[in-house]
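Worksheet: one structure, shown below.
No hydrogens, no waters, no symmetry mates; every other heavy atom, side chains included, goes into these values.
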Amino acid sequence: MARPAAAYEPAVPPRPACPYTSCYCEENVWKLCEYIRSQDRYPTEEFYAVFISNDRRMIPLWKQKSGHGDEPVVWDYHVILLHVSSGEQNFIYDLDTVLPFPCPFDVYSVEAFRLDDGLRPEFHRKIRMIRADLYLKTFASDRSHMKDANGKWQKPPPSYPCIETADSKMNLDDFISMNPKVGWGSVFPLPDFVHRFGRQTDYSYSLEGQ
């Protein structure tokens, strides 16, 4: 029997207790994945790092902390965490939103994503989702994208060391890219993502092995 949404137990601590560095969303989500793996409360296979971008790297999102009123923030990319829950509702973890943390998927979809229909084509959003365990194994960033031409930080970096793998010190662009032939995980248009993981979802669907 499906658990009611109210009974959902968050997979990570309350927002103020989570590791967070402004403008380093890809690392914030990596840290959430790391915490979930360490706690072993939920299977890491239920969680996905979700990169939102497009070919022009211009994606509007609403209900962001850096927004003003009901105006969207236009990011080059943003990263959130999706929990494909065994309950009746999936959940989004976004440390940069003013919405609840975690937020029911359908609430986040309506409030933060809204629809591509009313946007000019260059603002239409795409999704790359990577299972959390794969993200932990493959993601690497030397943070060079946050330095200006003179090598100065545009935004202060996290205090912990750069995330790297045996194979790479910097592959962030492979995750931001919405070319399905590049990098890891699955790439598809935002409306497909919303349809797939909203309440109308067929929960037998699996991204096993992606």
Between Phe91 and Tyr8, ring centroids under 6.0 Å: yes
Flag, side chain of Asn171 to backbone of Asp174, donor-acceptor distance under 3.5 Å: no
Residue pair Asn90 / Leu82, side-chain heavy-atom distance below 4.5 Å: yes
Note, Ile80 side chain near Ile52 side chain (heavy atom, < 4.5 Å): yes
Close side-chain approach of His124 and Leu119, heavy atoms under 4.5 Å: yes
Quiz item: cation-pi between Arg143 and Tyr160, 6.0 Å / 45°: yes
Close side-chain approach of Val12 to Cys18, heavy-atom, < 4.5 Å: yes
Verdict with supporting geometry, Asp116 and Arg125, side-chain contact (heavy atoms from CB on, under 4.5 Å): CA-CA 7 Å; Asp116 270 353; Arg125 287 134 321 161; 2.9 Å; yes
Close side-chain approach of Leu95 and Leu32, heavy atoms under 4.5 Å: yes
Minimal non-hydrogen separation, Pro13 against Ala17, with atom names: CB-CB, 3.8 Å
Student check: side-chain heavy atoms of Pro156 and Thr21 closer than 4.5 Å: no
Enclosure of Asp148 CG (heavy-atom neighbours >12, cutoff 6.0 Å): yes
May I have the list of side-chain donor-acceptor pairs in residues 69-76 shorter than 3.5 Å, sequence neighbours left out?
from	atom 1	to	atom 2	distance (Å)
Asp70	OD1	Arg114	NH2	2.8
Asp70	OD2	Arg114	NH1	3.2
Trp75	NE1	Gln64	OE1	3.1

Centroid separation Tyr42 to His83 less than 6.0 Å: yes
Under-4.0 Å salt bridge between Glu122 and Arg56: no
Residues Met146, Cys23; criterion side-chain contact (heavy atoms from CB on, under 4.5 Å); working and verdict: CA-CA 9 Å; Met146 294 301 290; Cys23 297; 3.9 Å; yes
Set of salt bridge (charged side-chain N to carboxylate O under 4.0 Å, His left out) partners for Arg41, sequence neighbours left out: Glu9
Main-chain N/O of Thr97 paired to Tyr108 side chain as donor or acceptor, under 3.5 Å: no
Phe175 and Trp184 aromatic ring geometry - parallel, tilted or perpendicular at 30°/60° bounds: parallel
pair Asp142-Glu164: side-chain heavy atoms closer than 4.5 Å: no
Heavy-atom check, side chain of Glu111 versus side chain of Trp62, under 4.5 Å: no
Phe193, Phe197, Tyr48 screened by side-chain contact (heavy atoms from CB on, under 4.5 Å) with Ile127, the one that passes: Phe193
Residue pair Ala11 / Tyr35: nearest heavy atoms and the distance that separates them: O-CE2, 3.5 Å
Expected output: side-chain Ser109 to main-chain Asp106 donor-acceptor under 3.5 Å: no
Six-ring centre of Phe188, Arg196 cation under 6.0 angstrom, axis tolerance 45°: yes
Lys126 with Asp55: basic N within carboxylate O range, under 4.0 Å: yes
Closest non-hydrogen atom pair between Asn179 and Arg128, with its separation: O-NH2, 3.0 Å
Ion pair check, Asp133 and Arg37, cut-off under 4.0 Å: no
Geometric class of the Tyr77/Phe51 ring pair [parallel <30°, tilted 30-60°, perpendicular >60°]: parallel
Thr44 vs Arg131, side-chain contact (heavy atoms from CB on, under 4.5 Å): CA-CA, chis, key distance, verdict: CA-CA 8 Å; Thr44 53; Arg131 211 168 70 182; over 6 Å; no
Axial cation check for Tyr20 ring with Lys65, 6.0 Å and 45° limits: yes
Parallel, tilted or perpendicular: ring planes of His145 versus Tyr24, cut at 30 and 60 degrees: perpendicular
